[in-house]
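Naming convention: chains lettered A, B, ... in sequence-line order (proteins, then strands); numbering from 1 in each chain.
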Amino acid sequence: MNKELILVPSVTYAMKAKSILDKAGFRSYIQRTPRSTNIRSCGYCLFVPDRTDDAEKILRKSGVRVLGRAEREI
Amino acid sequence: MIYLDNAATTSPKPASVIREIDRAMRLYSANPGRGGHAASVSAAKAVFDTRTVVKDFFHCAAEESVIFTSGCTHSLNTVIKGTLKKGDHVIISSFEHNAVLRPLYQLKEHGIIDYTVADVTPGDDEATLNAFRNAVNSHTRMIICTHASNVFGIRLPVERICALAHSYGLLFCLDAAQSAGVLDIDMTENAYDYVCCAGHKGLYGPTGIGLLLLNRTDLLEPLTAGGTGSDSSVPSMPEYYPDRLESGTLNIPGICGIGAGIRFVRSRGSENICRHEMRLIRMLYRSFSKNENVILYTSEPDIDSCAPVLSFNIKGHDSEEVAAYLDRGYGIACRAGLHCAPTAHGYMGTLDNGTVRIAPSVFSTEKDMRILVNAVNKFSHFS
């Protein structure tokens, strides 16, 4: 599984992450974190449908606190 | 009305700021960082965009280094009460506002800290630095210093005082209430640990919004605790910024307003605004100097050592009497008294009578100054 959701600790980080990924040419969407994740996120995460691993690397490199990854619930 | 009380709050506000606040009230009425619906996310985006505007304007390291507060007093209290521990010692300047003095006094009264006032010597930075250096002791934790006196406009050598603080391993907090938007503040170049700003003065935003800019990642103890929309299952405050210092629902119209204010300042240029206001202050100073009944307290202000604020008195008259005359007779709004800065007045020998303070803004004109000079001359010669 690709785990297309990137979990972050606050809505500020979610916004910052989206802004960074937009500039880097990634498609990303802010959405609510699924209850099943068990990670203490802010309730928001980023859905990155393509190249999620690369996106996560870019975010970590840019100083965004990434709490983990999760599956998208459909 | 001729409004010359811009050191208290700028008025009028730019039309772009008023429009943006109106827009924010209409568009961003949902709670940012709480719900998953589009309106909440859209409000959170507006807040984040303003963080970016602030970050870029002050050259902060990151968006999360920008904390929105209810004003400069709130920011200063957050730094003071979030940092200091029992036994700590603080150094402040002789020009500090009550927003610095009173929280320190409060902590001192409770037996928690002690503080020393270092005398500023206008025109002699070395003497000022020596006063700060001589006040350092083994318990000193922080220096808090205004960028410029809100009463006399005298600028302090804050870059050098900050470097001095760091050379002793001390924290440095800049009170930029009077300077943000007029004097240059660069969080990267100047390396201030904390900068506290009012949103409604030189940044031309509304009242009820302020900034705390952080250059440190270690955690301040929050002044208030409560909901942040993050880590909700945990009873303690989040251990990351900005959430740690922003409990409760944010002031979105205020935040959007300060963003529009900063964009306005950026469009005019801080340097141009400062130059314009200083030109008016110098014009005033020269005219007042010709009147032997006007008392001035500094040498002629220049752009390198002063902020655009001027204090004066008229011989034999109370400062409040002069301000009331200007208001009633000419519709000139200015502030008399102690300006919430008794330490500054005590140091300059004006504690008994206070002073009349003139503070122009980007919207003030030479004509405003001429009317003021004319009014002061009439008052001083015929009363």
TODO: Measure distances from B:Ser40 to the heavy atoms of chain A and classify the residue's part below 4.5 Å as side chain, backbone, both or neither.
DONE: side chain
- [ ] May I ask you to check whether over 12 heavy atoms, not counting those of B:Lys81, lie within 6.0 Å of atom NZ?
- [x] yes
Open item on the list: Ignoring hydrogens, what is the shortest heavy-atom contact between B:Phe48 and A:Ser19? Give both atom names and the distance.
Closed with: CE2-CB, 4.1 Å
Open item on the list: Measuring from atom CZ of B:Arg244 to atom OG of A:Ser10, what distance do you get when rounded to the nearest 0.5 angstrom?
Closed with: 14.0 Å
Task: Exercise: identify the closest heavy-atom pair between A:Pro9 and B:Ser230 - done: O-CB, 3.5 Å
Would you list the atom pairs, donor with acceptor, under 3.5 Å between side chains in residues 57-68 of chain A and any protein atom, with sequence neighbours excluded?
{"from": "A:Arg60", "atom 1": "NE", "to": "A:Glu56", "atom 2": "OE2", "distance (Å)": "2.9"}
{"from": "A:Arg60", "atom 1": "NH2", "to": "A:Glu56", "atom 2": "OE2", "distance (Å)": "3.0"}
{"from": "A:Ser62", "atom 1": "OG", "to": "A:Ile58", "atom 2": "O", "distance (Å)": "2.8"}

Open item on the list: I need the minimum non-hydrogen distance between A:Tyr13 and B:Tyr241, along with the two atoms involved.
Closed with: CE1-O, 4.0 Å
Open item on the list: Apply side-chain contact (heavy atoms from CB on, under 4.5 Å) to residues B:Asp49 and A:Met15 and explain how you reach the verdict.
Closed with: CA-CA 9 Å; B:Asp49 288 347; A:Met15 291 291 165; over 6 Å; no
Open item on the list: As a quick check of understanding, evaluate side-chain contact (heavy atoms from CB on, under 4.5 Å) for B:Tyr240 and A:Thr12, giving each step before the final call.
Closed with: CA-CA 11 Å; B:Tyr240 43 82; A:Thr12 304; over 6 Å; no
